[in-house]
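Letters A, B, ... mirror the listed sequences (proteins, then strands); counts begin at 1.
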Amino acid sequence: MPLLQLTSASKSFSGHSILRDIDLTVEEGDFVSIIGYSGTGKTTLISLLAGLLKPTTGQAMMEGKPITGPGPERGIVFQNYSLLPWLTVEENIHLAVDQVFPEKSAAERKEHVATYIDMVKLTHASTKLPKELSGGMRQRVSVARALAMQPRVLLLDEPLSALDALTRATLQDEISDIWLKTRTTVIWVTNDPDEAILLADRVIPLLPKKDGATLGAAMSVPIERPRERREIDQDPIFKKLRHDLVSTLLSARKQQEASSVTRKLAVPDILPEDLTVIDTVKRSARSGPLRRSQLQKEEFKITVP
Amino acid sequence: MKLPGKLSLNAIFLPFLGVLLCIGGWALISGKSVTKTTTKDDGWGDMITVTETKRVGLSADLPAPSETWVASKPYIVEPFAKRGELDQGILRFTWLSLKLVVQGYLLALLIGTPIGFLLGLSRNFTLAFDPIIQILRPVSPLAWLPLGMVMFSGLKIADASGRTAFGTSDAAALFTIAICAMWPTVLNTAVGVRAVPQDYLNVAKVLKLSRFKTLTKILIPSSLPYMFTGFRLSLGIAWLVIVAVEMLIGKPGIGGFLWQQYNANSFAHIILSIITIGLIGFILDRLMSLAESRFRTA
Ligand SMILES: Nc1ncnc2c1ncn2[C@@H]1O[C@H](COP(=O)(O)OP(=O)(O)O)[C@@H](O)[C@H]1O
Ligand SMILES: [Mg+2]
């Protein structure tokens with residue numbers, strides 16, 4: 001019996017179809033990577049598996065039983081870390097451990113927390129608050145929190161997308177080392193073809209279509225582990241897989257764009273300010289309204305079919 | 001564009017100039033005493049000397065800054081003196097008022113915060129009670145106080161010596177402060193609870209936190225910055241209300257002092273009271289801002 005399964009699942013938000021005809025089977029011990037452009041519905045897909053969303057039609061199942069809600073047997077690493085900013089590294093993980101292993105003694109739980117902090121090499125930062133950590137460190141905490149719950153399956157939603165390339169590479173290596181030791185089932189969502197092939201046993205593209213994204217054909221990655229980052233891009237298998245994957249994604253994008261008109265909308269360039277904060281001294285010296293162009297990430301593209 | 005934190009000379013000089021200009025304007029419109037000595041016929045053929053003191057000026061009865069200072073000096077140089085029930089140093093009055101404000105304010109927080117949470121968490125609760133809240137919110141303390149007097153009429157808790165330690169007017173005062181001051185806490189808490197990021201709630205769901213744990217571990221810490229903004233605004237209102245309340249019930253305190261001095265025609269002391277009320281309000285607000293900013297960065 002497969003560990004996780006989606007059968008002809010679809011998801012729409014207020015009548016607007018995002019995912020359709022999704023069939024996915026994940027066996028115990030699998031490392032599956034799902035790759036797609038941003039906005040295709042990757043987070044939606046992983047939320048179905050996590051139980052945070054219910055499929056509009058079709059079914060999401062774990063070990064043959066329908067998934068009715070989220071639970072600690074499916075650990076999630078969210079796209080934006082989701083650490084609680086008022087808790088230290090240790091406390092964030094402790095909260096999870098206390099919740100999942102209530103039968104353990106306090107000392108055992110403390111030990112457990114320390115083990116996982118050590119696993120992601122953050123022992124020196126265990127009493128720090130998330131805001132004192134770099135993006136890469138935060139994401140390691142998030143991974144440690146998910147692993148500390150000892151989940152049956154680990155769901156990672158673009159865990160490294162917000163990081164710079166060097167940090168991303170380091171973390172890819174670290175996480176794949178951890179995976180070699182623990183062999184937990186992993187579903188890894190990403191938008192980076194190299195990352196998908198480097199890490200996964202099986203890569204499945206999520207392809208945008210006019211009326212909801214569908215999963216493309218799975219590609220298995222028959223490259224020996226441990227995979228050596230420096231040599232892998234010379235590997236002919238890697239090269240071929242990468243080429244196939246990119247062209248699948250590109251042609252799906254082209255088809256979708258051909259069938260629709262894309263308009264760029266001009267949006268107001270000013271973000272609202274909180275004027276309830278009455279502070280005349282600060283107000284007189286304020287730097288002016290925050291502009292969208294100063295925001296880190298802002299994509300506005302409206303597609304009219 | 002000016003950088004905050006970089007204090008220019010203007011930042012020190014201009015506030016002084018502003019205060020000076022205001023005092024100057026005050027001096028201009030205020031009245032001053034003029035003593036006129038005239039010699040005139042008293043009607044019987046004798047010449048007598050009459051000394052008349054008259055106040056002249058745009059607003060003849062308004063004491064000038066210098067007069068205000070002279071008249072206020074005893075209250076300021078001995079801020080904690082107690083010469084009588086209604087003749088005490090200015091800080092002593094302030095202290096009495098602050099005590100009452102703090103009691104009413106704490107009551108406001110105690111009632112307002114849970115209501116805010118219910119509003120933030122339950123759509124049905126919001127639908128049911130939001131209209132009432134919007135209607136009660138703008139009602140003036142002057143309107144609540146008489147209602148409080150009616151509600152708590154006959155209440156009397158005596159102390160050991162048989163004197164009333166807590167009576168109708170005390171209860172009415174607390175009631176008025178609490179009900180006027182709680183609205184910012186209610187509304188800001190509700191906004192804060194609604195603004196808890198979905199990510200944090202997802203964490204709670206994945207961990208299967210109980211309702212109570214979700215409240216203490218996620219909802220309260222996450223909405224704390226908003227709650228503190230509410231607490232700060234509430235304190236401002238509580239301080240605003242105290243003056244009106246003390247005037248109406250004649251309790252000793254800064255507001256009671258102001259009203260009594262008006263009745264006694266000591267106009268300079270009204271100005272002293274106003275300045276004190278303003279300064280204390282400003283200090284309270286700064287203190288709360290400090291607390292608030294500590295939570296904002298968290
Ligand atoms: N809760 C929601 N309500 C309405 N639309 C949503 C919701 N969540 C996601 N969407 C829409 O679904 C699409 C896919 O979103 P998402 O799954 O976050 O994409 P990805 O993670 O691949 O970037 C987006 O167009 C987004 O606007
Ligand atoms: Mg996403």
(request) Tell me whether the centres of the aromatic rings in B/Y200 and A/W86 are closer together than 6.0 Å. (result)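 So the answer is yes for these two rings.
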
(message) If I compare all heavy atoms of B/R137 with all of B/L187, which pair ends up nearest, and what's the gap?
(response)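 Looks like CD-CD1, 3.5 Å.
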
(message) Please verify the inter-ring angle class for A/H112 with A/F101; under 30° counts as parallel, over 60° as perpendicular, anything in between as tilted.
(response)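 Correct class here is tilted.
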
(message) Given heavy-atom pairs under 4.5 angstrom as the criterion, report whether the side chain, backbone, both or neither of A/L87 touches chain B.
(response)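 The answer is neither part of A/L87.
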
(request) Under 4.5 Å heavy-atom distance to chain B, tell me which part of A/R74 shows up: side chain, backbone, both or neither. (result)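 Answer is backbone: N, CA, C or O of A/R74 sit under 4.5 Å from chain B.
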
(message) Would you compute the distance between atom CE of A/M119 and atom CD1 of A/I175 and round it to the nearest 0.5 angstrom?
(response)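 One finds 12.0 Å between CE of A/M119 and CD1 of A/I175.
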
(message) Please classify the contact between B/L209 and chain A as side chain, backbone, both or neither, with a heavy-atom cut-off of under 4.5 Å.
(response)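 Both parts, backbone and side chain.
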
